[in-house]
Amino acid sequence: MTAQTDSTPPGTLGTYGLCHWCRQLADGIRLVQVVEAGSGSCSAGNKFACGPCRARHHLVPFADQP
């Protein structure tokens with residue numbers, strides 16, 4: 001598994017919203033998973049994660065994925 005490469009500088013305000021891992025509202029959430037409509041089961045939707053959850057669960061932001 002690759003190391004997290006979060007390019008958001010510490011203390012920088014980012015997007016505010018719900019983290020899908022800890023279920024808390026947080027500043028600096030990043031898109032980490034995109035589920036395309038029509039693929040797989042009926043669970044379509046994008047998932048966002050806060051900084052602590054990205055570190056804890058080794059989640060790489062979608063924009064930083066190869």
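Residues A49 and L59 approach most closely at CB-CD1, 3.8 Å, considering heavy atoms.
The SG atom of C19 sits 8.5 Å away from the CZ atom of R54 when rounded to the nearest 0.5 Å. Of the inter-residue distances, the one linking T15 atom OG1 with F48 atom CZ reads 7.5 Å to the nearest 0.5 angstrom. The line from NE2 of H20 to SG of C53 is 11.5 Å long, rounded to the nearest 0.5 Å.
When side chains are defined from C-beta on, C22 counts as touching C50, because their heavy atoms get closer than 4.5 Å.
With sequence neighbours excluded, the residues satisfying side chain to side chain contact (heavy atoms under 4.5 Å, CB included) with L25 are Y16, L18. Annotation: side chain to side chain contact (heavy atoms under 4.5 Å, CB included) contacts of Q33 (sequence neighbours excluded): W21, V35, K47.
The side chain to side chain contact (heavy atoms under 4.5 Å, CB included) test with F62 is passed by exactly one of V32, V34, N46: V34.
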